[in-house]
Undergrad: 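Shown below is the structure under consideration.
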Amino acid sequence: MAHTIRDRKPLLTRVRRIQGQLRSLETTLNAGGDCAAVLQQIAAVRGAVAGLMNQVLEGHIREHLGDPEATPEERTQDVEQVVAALRSYLR
């Protein structure tokens with residue numbers, strides 16, 4: 001079973017929290033909120049997305065790269081997936 005299926009509930013909880021933070025940010029912007037408040041909300045969203053990325057990435061690494069039954073080819077493919085995700089995320 002894939003870790004994103006097994007860990008679905010906590011992942012969806014994080015996604016819903018991020019959605020709430022984004023709605024709050026949108027409300028603040030629509031209300032002409034203070035720059036400091038907007039920046040603080042953006043930082044909170046960024047931190048929440050980073051936490052989600054960390055959780056999914058850690059699960060992927062543990063499940064795929066830590067699988068003792070993985071073939072060298074499977075392991076190489078999984079490493080490439082992780083590297084691609086990190087490159088995309090760190091842009």
Side-chain angles (χ1 to χ4, degrees):
M1 176 186 311
H3 62 93
T4 54
I5 293 170
R6 185 180 57 246
D7 299 334
R8 181 181 301 161
K9 188 173 181 178
L11 292 173
L12 288 173
T13 298
R14 281 184 179 267
V15 168
R16 290 183 186 111
R17 189 174 308 126
I18 293 166
Q19 289 171 333
Q21 290 172 319
L22 285 169
R23 280 191 297 275
S24 177
L25 174 59
E26 182 179 13
T27 300
T28 301
L29 288 170
N30 281 330
D34 174 64
C35 289
V38 170
L39 289 169
Q40 184 175 19
Q41 288 178 323
I42 292 169
V45 169
R46 181 180 180 199
V49 170
L52 176 63
M53 177 70 166
N54 289 341
Q55 187 173 357
V56 172
L57 187 58
E58 180 180 341
H60 181 80
I61 289 169
R62 289 186 187 280
E63 183 166 312
H64 296 281
L65 299 179
D67 182 2
E69 297 177 15
T71 66
E73 294 80 20
E74 290 170 329
R75 198 162 301 222
T76 298
Q77 184 179 10
D78 286 332
V79 167
E80 291 304 318
Q81 288 176 350
V82 169
V83 169
L86 287 172
R87 281 188 182 137
S88 174
Y89 182 71
L90 295 174
R91 281 188 204 173

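Residue numbers start at 1 and run along the sequence shown. All values below come from the heavy atoms of this structure, side chains included, with hydrogens, waters and symmetry mates left out.
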Undergrad: For residues L57 and L86, determine if any side-chain heavy atom of one lies less than 4.5 Å from a side-chain heavy atom of the other.
TA: yes

Undergrad: Indicate the atoms forming the closest heavy-atom contact of A37 with T28, along with that distance.
TA: CB-CG2, 4.5 Å

Undergrad: Please report, to 0.1 Å, the donor-acceptor pairs under 3.5 Å made by any side chain of residues 12-25, with sequence neighbours excluded.
TA:
unit_1: T13; atom_1: OG1; unit_2: K9; atom_2: O; d: 2.9
unit_1: R14; atom_1: NE; unit_2: Q55; atom_2: OE1; d: 2.4
unit_1: S24; atom_1: OG; unit_2: Q41; atom_2: NE2; d: 2.7

Undergrad: For E63 and H60, indicate whether the former's side chain and the latter's backbone hold a donor-acceptor pair under 3.5 Å.
TA: no

Undergrad: In residues 77-85, what donor-acceptor pairs under 3.5 Å come from side-chain atoms, sequence neighbours left out?
TA:
none

Undergrad: If you look at every heavy atom in A70 and R75, which pair is closest and at what distance?
TA: CB-NH2, 3.5 Å

Undergrad: Can you list the residues that meet the side-chain hydrogen bond (donor to acceptor under 3.5 Å, both in side chains) rule with R62, with sequence neighbours excluded?
TA: E58

Undergrad: Rounded at 0.5 Å granularity, tell me how far CD in E73 sits from OG1 in T76.
TA: 7.0 Å

